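Model, not experiment: these values are computed from the prediction. Atoms within each ligand, like the ligands themselves, are counted from 1 in listed order.
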Amino acid sequence: MLKRKKKKKVRKKKVKRARKARPSIKFPTKLLVPVGAFLQQRLKKLEKRKKDIEKEDPFQDTSRVTNNASPDTDAAEQFGHARTSAIKEHLEKKMIQTRKALARIKIGKYGICEDCKKMIDTDRLVIYPEATFCVKCEKEREK
Ligand SMILES: [Zn+2]
């Protein structure tokens, strides 16, 4: 709890310091700690899902080599492999992004766009806490 302190009015205090080219914008630690914990947890979940999906990959099945499968089974395996590969790739991308966001927290740059260095919209961070680019720059990159 915050103690209420009576502050003396300092109206006359003028800020004469020259403005820095880039104001240091940071999220308070109070906010970053839970975000970091959340991202760590998400990373763990992603790692687990990746392992699970690897098990689902029919190509992981060692008996497959000796197995004289019918063309139908083969097609199903091909499809299953394509599916698990796509999911795996998606999970890996998410993991990279999550690690990146965690690294941003460490260096005190979380919530700041990697590209334009502007603050990322907090609404965006709520839905997409691992974001390291603002909406505008993200769209530019997708082009
Ligand atoms: Zn940006």
Just jot down the side-chain contact (heavy atoms from CB on, under 4.5 Å) partners of K50, sequence neighbours excluded, or say none.
E54, K88, L91, E92, M95
Return yes if a side-chain donor-acceptor contact under 3.5 Å exists between E130 and T98, otherwise no.
no
Any sub-3.5 Å donor-acceptor pair from R141's side-chain atoms to F133's backbone N or O?
no
Within the side chain of R104, is there an N or O that forms a donor-acceptor pair under 3.5 Å with the backbone of I112?
yes
Does E56 have any side-chain contact (heavy atoms from CB on, under 4.5 Å) partners at least two apart in sequence or in another chain, and if so, which?
I53, R83, T84
Using the side-chain contact (heavy atoms from CB on, under 4.5 Å) criterion, which residues pair with L125? Sequence neighbours excluded.
F27, Y110, I120, A131
Suppose the cut-off is 2.8 Å; which protein N/O/S atoms would you list for the Zn ion (ligand 1)?
C113 SG, C116 SG, C134 SG, C137 SG
